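Everything quoted here is computed from the prediction, not taken from an experiment. In this chain, residues are counted from 1 in sequence order.
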Amino acid sequence: MTSAPTAGGCGAELVRVRRLTDQEGQRLQQIVRGGSTSSVRYRRAMTLLASAGGNRVPVIAQLVQADEDTVQDVINRFNEIGLACLDPQWAGGRPRLLSSDDEDFVVQTATTRPPSSASLLPLVHPQTRRLPAESARPCHPDRPRGVKMPARPARRHLPADQDVEGIARS
């Protein structure tokens with residue numbers, strides 16, 4: 001890398017991509033022309049193609065609407081690792097809530113077959129079969145076991161031409 005003066009009088013780094021192989025050039029053109037990829041991959045591919053075409057960093061930054069430092073980072077990363085630099089490697093964010101031990105426990109629990117349904121029946125349907133401790137006590141403290149409550153009187157359905165008091169409407 002060399003330093004070249006810019007219009008402002010400060011030195012700016014000249015950064016260019018290394019010479020592209022045929023496969024890399026075809027893949028970059030495929031990404032730019034296809035348009036069915038993510039915007040991050042598209043803009044990074046545009047950056048690399050523009051740099052390979054001889055454009056300088058400020059021009060590329062205007063073309064892809066990015067900061068000059070970002071353009072330099074993409075180019076340097078391509079020179080180091082190749083086309084793998086197109087895929088974003090996001091970092092940071094919220095820490096994991098599950099540890100790997102917790103995750104293993106969840107997977108083991110989810111993949112373990114439950115016991116037979118006959119052993120779960122008293123817990124699932126307490127009306128059909130009571131647990132031994134429950135069967136000794138009565139259902140209601142004021143009433144002996146086996147005595148049912150009297151049935152509620154049924155609601156009276158009125159004909160459509162009568163109101164609540166039973167008086168005919170006109």
Those residues at least two apart in sequence (or on a different chain) that pass side-chain contact (heavy atoms from CB on, under 4.5 Å) with S99 are D101, D102
Separation of [Y] [atom2] from [X] [atom1] (nearest 0.5 Å):
| X | Y | atom1 | atom2 | value |
| --- | --- | --- | --- | --- |
| Q72 | I60 | CD | CD1 | 10.0 Å |
| M46 | L63 | CE | CG | 4.0 Å |
| S51 | R18 | OG | CZ | 11.5 Å |
| Q26 | R33 | CD | CZ | 10.5 Å |

| Does the side chain of Q108 come within less than 4.5 Å of D104's, by heavy atoms? |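 They are not in side-chain contact.
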Checklist entry - Are side-chain heavy atoms of R44 and C85 found at a separation under 4.5 Å? => result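 Of all side-chain heavy-atom pairs linking C85 with R44, none is under 4.5 Å.
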Looking only at atom types and distance, does a side-chain atom of [X] sit under 3.5 Å from a main-chain N or O of [Y], one as donor and one as acceptor?
| X | Y | result |
| --- | --- | --- |
| R43 | V64 | yes |
| N55 | A50 | yes |
| N79 | R16 | yes |

Which atom names give the shortest non-hydrogen contact between L86 and R41, and what distance separates them?
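Scanning both residues completely, I find the closest heavy atoms to be O-CG, 3.4 Å.
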Which atom names give the shortest non-hydrogen contact between V71 and A61, and what distance separates them?
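Taking every non-hydrogen atom into account, CG2-CA, 3.8 Å.
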Take atom CZ in R77; do more than 12 heavy atoms of anything else shown fall under 6.0 Å from it? no
Please indicate whether Q29 has more than 12 foreign heavy atoms, meaning atoms of other residues, nucleotides or ligands, lying under 6.0 Å from its CD.
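Buried by this count: over 12 neighbours within 6.0 Å.
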Checklist line | From L20, T47, V17, residue fulfilling side-chain contact (heavy atoms from CB on, under 4.5 Å) relative to L28 | finding: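 Testing each of L20, T47, V17 against L28, the sole residue satisfying side-chain contact (heavy atoms from CB on, under 4.5 Å) is L20.
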